[in-house]
Amino acid sequence: MTEVQDLKYRQWFRGADVDGDGVITVEDVRLMGERFIAARGATPGSKVARRLTEGLEAFWTTVIAPMDSDADGKVDLREMTEGFRRALASPTQYPQQVGPVADCYFDLTDADGDDRVDLAEFREIFGMAGNVSEEDCAAVFHSLDLDESGGLDRAEFHQALMEFFYGDDPDAPAAHLFGRIAV
């Protein structure tokens with residue numbers, strides 16, 4: 001793992017640690033869901049709320065919880081970094097390792113269901129999830145919108161996440177997906 005990857009993963013961790021206590025727990029995932037539901041203007045129990053909740057529960061179960069090497073119900077930065085190191089060893093594994101979660105995240109981000117993520121949707125989720133400023137969200141979004149269509153299609157979204165999790169270029173727009181990193 002490179003220094004750039006470590007910086008990106010730390011930034012991701014900061015966003016996932018919703019309550020700021022230095023660990024990621026199922027409670028952080030629940031709080032993240034509540035924030036997403038509120039951002040969508042959805043009522044608890046609605047179809048959108050259930051979809052968000054189920055997607056995030058699956059994310060906890062399949063991605064985060066397995067990183068809990070000491071089985072204390074908490075994933076600290078070391079456990080998460082080591083977990084990413086093990087799980088994300090090769091970009092050829094993206095379709096199996098990250099792809100399904102990325103598809104779920106895309107669907108959750110695409111609030112209007114038009115199969116693309118526009119700037120407002122991107123800001124709403126990435127700004128909230130990574131505590132990224134609106135200005136930084138807009139800059140990253142426009143850099144990721146490769147075809148300049150005003151929206152990220154699923155392929156552009158996957159390309160961004162692949163670069164974030166596997167790339168080591170600090171100048172790649174996706175390096176800053178969950179907030180600016182400084183090398």
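The chain is numbered in sequence order, starting from 1.
Checked by atom type and distance alone, the side chain of Asp28 pairs as donor or acceptor with a backbone atom of Thr25 at under 3.5 Å. Within the 3.5 Å criterion, the main-chain N or O of Gly22 finds a donor-acceptor partner in the side chain of Asp17. At least one donor-acceptor pair closer than 3.5 Å links the side chain of Gln5 to the backbone N or O of Thr2. Judged by distance alone, the side chain of Asp118 and the main-chain N or O of Gly151 form no donor-acceptor pair under 3.5 Å. The closest donor-acceptor contact from the side chain of Asp145 to the backbone of Gly150 lies under 3.5 Å. Looking only at distances, no side-chain donor or acceptor of Gln93 sits under 3.5 Å from a matching main-chain atom of Ser90. Looking at Glu79, its side chain never comes within 3.5 Å of a backbone N or O of Asp68 through a donor-acceptor pair.
Between Phe84 and Trp12, the ring centre distance stays below 6.0 Å. Centroid-to-centroid, the aromatic rings of His176 and Phe164 stay 6.0 Å apart or farther.
Nearest heavy atom pair, residue Arg50 against residue Gly45, reads NH1-O, 2.5 Å. Between Phe126 and Cys137, the closest heavy-atom pair is C-SG, 4.1 Å. For the residue pair Pro95 and Pro100, the shortest heavy atom distance occurs at O-CD, 3.2 Å. In plain terms, the two heavy atoms of Gly15 and Arg35 that are nearest each other are O-NH2, 4.4 Å. Among all heavy-atom pairs drawn from Phe122 and Val140, the shortest one is CZ-CG1, 4.0 Å. Contact detail for Leu146 and Ser143: the closest heavy-atom pair is CD2-O, 3.7 Å.
The side-chain heavy atoms of Met80 and Tyr9, taken from C-beta on, include a pair separated by under 4.5 Å. A heavy-atom distance below 4.5 Å is not found between the side chains of Val29 and Val18. In this structure, Asp76 and Met67 have side chains that are not in contact, with every pair of non-hydrogen atoms separated by 4.5 Å or more. Using a 4.5 Å cut-off on side-chain heavy atoms (C-beta onward), Val75 and Val23 make no contact. You'll find the side chain of Leu119 reaches within 4.5 Å of the side chain of His142, heavy atoms only. With a 4.5 Å cut-off on side-chain heavy atoms, Thr81 and Phe13 do not count as touching.
Put simply, CZ on Phe157 and CG on Leu144 are 9.5 Å apart, with the number rounded to the nearest 0.5 Å. A distance of 5.0 Å separates CD of Gln11 from CZ of Arg14, quoted to the nearest 0.5 Å. Taking OH of Tyr166 as the start and NZ of Lys8 as the end, the distance is 11.0 Å to the nearest 0.5 Å. Remark: Arg10 CZ to Ile181 CD1 distance equals 10.0 Å, nearest 0.5 Å. Atom CG of Asp168 sits about 10.5 Å away from atom CD of Glu3, to the nearest 0.5 Å.
Of the charged side-chain nitrogens involved, none lies within less than 4.0 Å of a carboxylate oxygen, so that Asp72 and Lys74 do not count as a salt-bridged pair. With respect to the salt-bridge test (charged N to carboxylate O, under 4.0 angstrom), the residues Arg78 and Glu82 qualify. Here Asp147 does not pair with Arg116 in a salt bridge; the nearest charged N to carboxylate O distance is not below 4.0 Å.
Put simply, the residue from Leu161, Asp115, Asp153 that forms a side-chain contact (heavy atoms from CB on, under 4.5 Å) with Phe106 is Asp115.
No side-chain donor from either of Glu121 and Thr109 sits under 3.5 Å from a side-chain acceptor of the other.
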Taking it one step at a time, do Leu177 and Glu163 satisfy side-chain contact (heavy atoms from CB on, under 4.5 Å)?
CA-CA 10 Å; Leu177 197 56; Glu163 173 58 38; over 6 Å; no
